[in-house]
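Notes follow once the structure below has been shown.
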Number of protein chains: 2
Amino acid sequence: MTVRQDIHNSSAPVLCQACEARHRGICGALDPDQLVGLAKTSLRRRIRAGAELVGDAEAVDSYANILSGVVKLTKTLSDGRQQVVGLQFAPDFLGRPFKAESTISAEAATDLSLCSFPKAALERMMKEQPGLEHRLLRQTLRELDEAREWMVTLGRKTAAEKIASFLLLIAKNIDPARDPNARMAVFDLPLSRGDIADFLGLTIETVSRQLTKLRADGVIQIENNRHFVVENIARLEARSGS
Amino acid sequence: MTVRQDIHNSSAPVLCQACEARHRGICGALDPDQLVGLAKTSLRRRIRAGAELVGDAEAVDSYANILSGVVKLTKTLSDGRQQVVGLQFAPDFLGRPFKAESTISAEAATDLSLCSFPKAALERMMKEQPGLEHRLLRQTLRELDEAREWMVTLGRKTAAEKIASFLLLIAKNIDPARDPNARMAVFDLPLSRGDIADFLGLTIETVSRQLTKLRADGVIQIENNRHFVVENIARLEARSGS
DNA sequence: CGACCACTTGAATGTACTCAATGAACGTGG
DNA sequence: CCACGTTCATTGAGTACATTCAAGTGGTCG
């Protein structure tokens with residue numbers, strides 16, 4: 001582990017030294033020279049929570065890696081009903097290759113730090129380094145698995161189970177350094193009640209009621225609306241419908 | 001169009017001559033020599049409707065292309081609740097690369113004709129032909145788009161809208177030769193009422209009631225439970241919530 | 001202090017579900 | 001050929017869960 005990091009960092013651009021995408025993200029496919037090449041055209045950007053990254057049916061000319069923060073992917077029906085169709089965390093790749101315009105919109109759920117680079121730069125590099133496309137395929141397959149997992153939640157779970165499943169999802173993804181076997185979890189929710197409702201296919205009121213119930217039952221503690229403490233994750237899992 | 005087919009077919013294996021996957025599927029990435037190589041290890045299989053192709057958490061050692069028929073991908077909760085998380089049509093690729101076992105189960109919704117080949121053969125070929133991985137990435141991205149589109153349907157549409165959306169989905173995918181702008185559609189449903197319910201996150205009874213309503217309103221005609229006629233697709237679209 | 005925002009709580013309503021009975025199509029065996 | 005069982009779909013009545021509409025709470029900021 002430490003060895004691998006040493007090797008990777010030895011000649012990597014400064015920008016990439018502390019970057020998760022360098023290891024777990026798509027940049028892990030690049031050799032030091034290629035990394036330097038991509039880093040030349042890349043740019044670190046900070047985005048405020050709530051800012052729209054990509055609007056529906058909007059042309060996209062750059063891709064990015066998430067360095068920190070949470071991105072919310074949404075789709076909206078003509079009458080305004082909204083559905084969150086995905087959440088992305090560091091070090092996920094952000095963008096939809098091979099399509100001029102996106103059919104979903106992306107929004108910063110929290111403050112973000114991105115490493116962004118021109119669409120053309122990545123596509124050029126994909127040609128000379130097939131490993132890049134391989135990484136992309138892996139992430140896409142993972143996202144597909146997640147989307148299908150969520151379809152089960154949306155289609156077949158009760159409101160109470162949806163909320164428990166959601167809290168588990170956040171607990172497991174919000175902190176990359178977290179021990180996956182830990183018995184307890186503490187985190188700040190990256191989403192408002194409204195966002196959660198749109199993610200779970202519920203209303204704000206139902207989300208609020210179910211959270212209140214979990215708190216009343218002693219499964220979770222809530223401070224300042226956003227800060228959550230889960231003493232015993234197993235109790236949440238028991239309520240998630242698995 | 002005819003030119004392209006001539007070129008492709010000139011030296012292609014007999015098995016591949018009439019195969020949609022040769023053009024629109026993943027095999028389109030292969031040159032004639034490679035196609036011959038893959039065809040050597042591949043096998044045409046016929047499967048009866050209802051047969052299970054891949055069980056949940058079951059090891060998979062072969063991939064396949066769908067030549068004809070419809071495959072149903074499902075996930076099941078511990079208490080038996082089931083959700084259909086995807087439908088695949090010819091000439092889709094079937095299988096989950098880079099993972100020893102699948103977390104979903106695949107079942108023949110209709111009688112199937114498959115072109116199946118060993119996992120190892122395809123993975124070997126992917127190394128020497130990056131275009132193959134590219135095709136796979138494209139299909140995966142398309143499936144991801146479809147899954148997200150369906151998340152909106154599951155999370156935010158009413159039962160009536162879900163049914164209309166489902167009928168549109170089938171009308172557009174069941175017949176590869178169909179004119180996408182055609183005003184009317186005629187098709188045999190590849191799924192039972194129960195399957196539809198599992199796809200839409202509804203019960204059988206609700207599916208039945210909504211279909212009856214569409215028929216009563218003159219939007220669709222139903223013969224023998226499975227055969228559907230849609231005189232005016234626009235009327236269905238108007239009810240799909242878009 | 002008042003306005004605003006996000007969230008919570010309450011009461012009434014409605015959509016889809018559950019349970020139950022009926023109907024239609026198909027295959028088997030007497 | 002018809003009676004019978006089976007499977008699949010439809011229809012009906014009553015119920016439950018999440019929604020809608022409405023009011024209230026708590027925190028933040030000008």
Side-chain angles (χ1 to χ4, degrees), chain A residues 48-50 72 77 79-84 107 109-110 153-167 188-217 220-228 239 241, chain B residues 48-50 72 77 79-84 107 109-110 153-167 188-217 220-228 239 241:
Chain A
R48 287 245 145 263
K72 182 181 83 178
L77 295 175
D79 63 359
R81 280 175 288 176
Q82 199 170 56
Q83 176 69 43
V84 173
E107 191 178 310
T110 65
T153 302
L154 286 172
R156 287 300 182 205
K157 291 191 185 175
T158 64
E161 290 169 337
K162 285 179 177 182
I163 292 288
S165 302
F166 169 74
L167 291 178
D188 283 301
L189 266 197
L191 302 183
S192 69
R193 299 293 188 272
D195 288 336
I196 299 171
D198 285 344
F199 191 35
L200 297 172
L202 299 172
T203 57
I204 288 186
E205 295 94 327
T206 302
V207 170
S208 182
R209 279 186 247 272
Q210 294 299 335
L211 286 174
T212 301
K213 183 156 195 315
L214 282 180
R215 193 184 42 189
D217 293 354
I220 60 174
Q221 295 155 248
I222 308 177
E223 291 161 29
N224 298 332
N225 288 340
R226 290 286 188 116
H227 189 74
F228 280 62
R239 290 166 182 249
Chain B
R48 288 245 144 265
K72 182 181 84 178
L77 295 175
D79 64 359
R81 281 174 288 175
Q82 199 170 56
Q83 176 70 44
V84 174
E107 190 178 310
T110 65
T153 301
L154 286 173
R156 287 300 183 207
K157 292 191 184 173
T158 64
E161 290 169 336
K162 285 178 177 181
I163 292 289
S165 303
F166 169 74
L167 292 177
D188 282 301
L189 267 197
L191 302 183
S192 69
R193 299 294 188 273
D195 288 336
I196 300 172
D198 285 345
F199 191 36
L200 297 172
L202 299 172
T203 58
I204 288 186
E205 295 92 328
T206 301
V207 170
S208 183
R209 280 186 246 272
Q210 294 299 334
L211 286 175
T212 301
K213 183 157 195 313
L214 282 179
R215 193 184 42 189
D217 293 355
I220 60 174
Q221 294 156 251
I222 309 177
E223 291 161 30
N224 297 333
N225 288 341
R226 290 287 188 116
H227 189 74
F228 280 62
R239 290 165 181 251

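Note that these values count all heavy atoms, side chains included, but never hydrogens, waters or copies made by symmetry. By convention in this document, chain letters (A, B, ...) are assigned in the order of the sequence lines, proteins followed by strands, and residues within each chain are numbered from 1.
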Review point. Counting N and O atoms only, with roles assigned by atom type, does the side chain of B:Arg193 sit under 3.5 Å from a partner on the main chain of B:Asn225, one being a donor and the other an acceptor?
Key: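 Pair found, side chain donor or acceptor close to backbone of B:Asn225.
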Review point. Could you give all pairs that pass the salt bridge (charged side-chain N to carboxylate O under 4.0 Å, His left out) test and reach residues 195-209 of chain A, with sequence neighbours left out?
Key: A:Lys72-A:Asp195, A:Asp198-B:Arg156
How many angstroms lie between atom [atom1] of [X] and atom [atom2] of [Y], to the nearest 0.5 angstrom?
X	Y	atom1	atom2	answer
B:Ile163	B:Thr206	CD1	OG1	8.5 Å
B:Lys162	B:Phe199	NZ	CZ	11.0 Å
B:Ser165	B:Leu200	OG	CG	8.0 Å

Exercise for review: Would you grab the first and last nucleotide of DNA chain C (5' to 3') that comes under 4.0 Å of any non-hydrogen atom in chain A?
Suggested key: C:dC7 to C:dA11
Answer yes or no: is there a side-chain heavy-atom contact under 4.5 Å between [X] and [Y]?
X	Y	result
A:Gln82	A:Leu77	no
A:Leu211	A:Leu167	yes
B:Ile196	B:Leu189	yes

**Study point:** Touch class at under 4.0 angstrom, heavy-atom based, for A:Thr212 against every strand present
**Key:** sugar-phosphate
Review point. How does protein reach along nucleotides 15-30 of chain D, written 5' to 3' as B (base within reach of a heavy atom under 4.0 Å), S (only sugar-phosphate), or - (no contact)?
Key: ---SBBB---------
